[in-house]
Amino acid sequence: MPGPRTLANLVEFFCKDGFSRIHEIQQKHTQEYGKIFKSHFGPQFVVSIADRDMVAQVLRAEGAVPQRANMGSWQEYRDLRGRSTGLISAEGEQWLKMRSILRQRILKPKDVAIFSGEINQVIADLIKRIYILRSQAGDGETVSSVNDLFFKYSMEGVATILYESRLGCLENSIPQLTVDYIEALGLMFSMFKTSMYAGAIPRWLRPLIPKPWREFCRSWDGLFKFSQIHVDNKLRDIQCRVDRGERVRGGLLTYLFLSQELTLEEIYANMTEMLLAGVDTTSFTLSWAVYLLARHPQVQQTVYREIVKNLGERHVPTAADVPKVPLVRALLKETLRLFPVLPGNGRVTQEDLVVGGYLIPKGTQLALCHYATSYEDANFPRAKEFRPERWLRKGGPDRVDNFGSIPFGYGVRSCIGRRIAELEIHLAVIQLLQHFEIKTPPWTTAVSAKTHGLLTPGEPIHVRFVNRK
Ligand code: HEM
């Protein structure tokens, strides 16, 4: 099997900061070595697959308990601190148990549709915040770095559903606990790269290169601490109500606490990992969606017209309204095709497999190159262009069997927070367009993507929010 030489790969990643260009390297390697190629990352051997049909073959063949990657370093941290694993880090029976409990509460659209009201309250705060930020700008319209704003929105939105409580991220003065949390999350975000180093550097080298592992542990400490405080606060509240003999109803956390299907440590771990998985992913996607709308006024106008026609200028939408505006859904799909938050995903083969004519032994780490397949003209005609309407056509790319763009993954191990993210983004896009015409300030240039664990906007995105006439 062809592939880059080990030394070339090490130089590319560790000396030329290939970690921030993983998406481009995927495309480059695909052009150089074909749609299936091998690479070495430190001690890790990886087979990369950048072909839609081969990706489909691998994912369709997976069993009841797929493994995404070697989570040794995550597991080691949890053992060190006596913590449980959550959905992302757990494997085998432990994962299966937690997944089957959590999937019953948040995986179906109707499970999260009930949170429309809570999310709309967060959106009302987001819009208030936009008015405040705009009024502070020289032109009275520009919000600098919507990345920051949407980060706060996503965090508030996810936390509202996960912790059943508000954090105050969109307030003028953010509570200290939340500030600490944002810091912990920032640390966690910077951890992605550290995490790769921590995983790639063998244990015996740690005394010589201690920083990645130390930072890795420090960021996890911060994340667990934040989550635990919020979970404990909510659980105390629930317990008081139970003690008072009240009939307690609530969302996910209330259910998990009262049903006792998960241990307290498992609840902490899952809340921590879901928050980790849910904030940046959603905020980057919303930032890109708004960026694309600003740069494509014609598309924006078409989406806006559909909203006004089918929902009205001021109607506050709920999840039930989203199917009435198919272009909004198409916008999200097209945004995630052009900027898949996870530019690549992984699977460890559970059986020997023959893919692309090669025998891949059981236990091999596969890298599924979603970024590369998303930009292939054969999968998506004029793939570089932003054309949300491509997702509307019958028989178009939005087929269940199109593995060219699967931004939430596929199968039993796919993203469990998909419906939460969609709800947050769909409702926010509708209301933002109802309130504002979204434009780019004349002084801004194109923003490119970089990989930072996730595919993120490489620079701040500045946007003008112009009042609708
Ligand atoms: C636009 C937003 C999001 C995108 C693009 C995204 C994408 C993904 C992808 C690609 C995976 C891997 C799936 C696979 O291996 O097949 C994943 C897993 C996961 N996501 Fe998301 N995600 C998003 C938002 C969220 C949110 C809001 C949450 C939680 C509230 C969340 C929680 C998780 C968890 C816990 C996993 C691991 C599932 C498991 O291993 O069983 N994600 N996500």
Side-chain angles (χ1 to χ4, degrees), residues 55-56 58-60 62 64-69 71 74 85-92 94-107 111-112 115 119 122 150-151 153-164 223 227 251-253 266-267 269-289 329 331-348 365-371 373-374 403 405-426 428-429 453-456:
V55 168
V58 168
L59 292 177
R60 286 202 175 117
E62 67 187 8
V65 188
Q67 191 186 357
R68 195 170 293 116
M71 302 301 285
W74 288 42
T85 47
L87 267 197
I88 303 177
S89 58
E91 299 296 357
Q94 170 71 357
W95 171 79
L96 195 58
K97 177 193 109 172
M98 295 191 296
R99 178 90 187 191
S100 43
I101 294 164
L102 291 168
R103 66 188 283 279
Q104 290 172 39
R105 313 301 304 180
I106 55 170
L107 200 53
D111 298 331
V112 299
F115 296 110
I119 293 299
V122 180
F150 292 148
F151 170 86
Y153 165 71
S154 302
M155 190 158 130
E156 193 71 30
V158 178
T160 301
I161 295 177
L162 292 182
Y163 300 125
E164 301 175 41
L223 291 174
S227 232
L252 179 64
L253 191 50
E266 287 170 341
I267 294 178
N270 278 294
M271 289 294 157
T272 304
E273 292 189 11
M274 283 199 281
L275 197 63
L276 168 68
V279 178
D280 286 322
T281 46
T282 308
S283 87
F284 294 159
T285 307
L286 186 55
S287 300
W288 284 124
R329 295 215 288 208
L331 164 73
L332 175 55
K333 287 179 184 184
E334 184 70 343
T335 302
L336 280 166
R337 183 185 69 79
L338 290 171
F339 300 108
V341 191
L342 262 77
N345 196 3
R347 284 292 183 268
V348 179
Q365 175 71 59
L366 303 180
L368 310 176
C369 302
H370 299 313
Y371 187 84
T373 58
S374 290
F403 285 75
S405 173
I406 42 169
F408 293 101
Y410 174 82
V412 290
R413 194 123 206 193
S414 66
C415 177
I416 200 155
R418 172 181 187 159
R419 302 305 174 189
I420 295 178
E422 287 174 343
L423 185 73
E424 279 186 79
I425 295 170
H426 289 147
V429 164
L454 303 176
L455 194 72
T456 144

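All figures in this text were calculated on a predicted structure; none of them were measured in a lab. Start at 1 and go down the list; that is how both ligands and their atoms are numbered.
Using a 4.0 Å cut-off between charged side-chain N and carboxylate O, E62 and R68 make no salt bridge.
In the model, E273 has a side-chain atom that pairs as donor or acceptor with a side-chain atom of S89 under 3.5 Å.
Looking at W95 next to ligand 1, an N or O pair under 3.5 Å apart turns up. For a threshold of 3.5 Å applied to N or O pairs, the pair formed by R347 and ligand 1 contains at least one separation below that value. Ligand 1 has an N or O atom lying under 3.5 Å from an N or O atom of R413, backbone or side chain. In terms of N/O distances under 3.5 Å, ligand 1 is approached by R68. Among the atoms of N345, some N or O lies under 3.5 angstrom from an N or O of ligand 1. For Y410, a nitrogen or oxygen atom sits less than 3.5 Å from a nitrogen or oxygen atom of ligand 1, counting backbone and side chain alike.
Under a 4.0 Å criterion applied to the non-hydrogen atoms of I420, ligand 1 contributes the atoms 30 (C).
If you check each of L162, T281, L59 against atom 24 (C) of ligand 1, the one with the closest non-hydrogen atom is T281. Checking A159, G417, P340, C415 against atom 21 (Fe) of ligand 1, the nearest heavy atom belongs to C415. The heavy atom nearest to atom 34 (C) of ligand 1, out of those in I416, L368, L286, N270, is found in I416.
The protein heavy atom nearest to atom 32 (C) of ligand 1 is A277 CB, 3.4 Å. Looking only at protein heavy atoms, the nearest one to atom 27 (C) of ligand 1 is G278 CA, 3.4 Å. The protein heavy atom nearest to atom 5 (C) of ligand 1 is P407 O, 3.6 Å.
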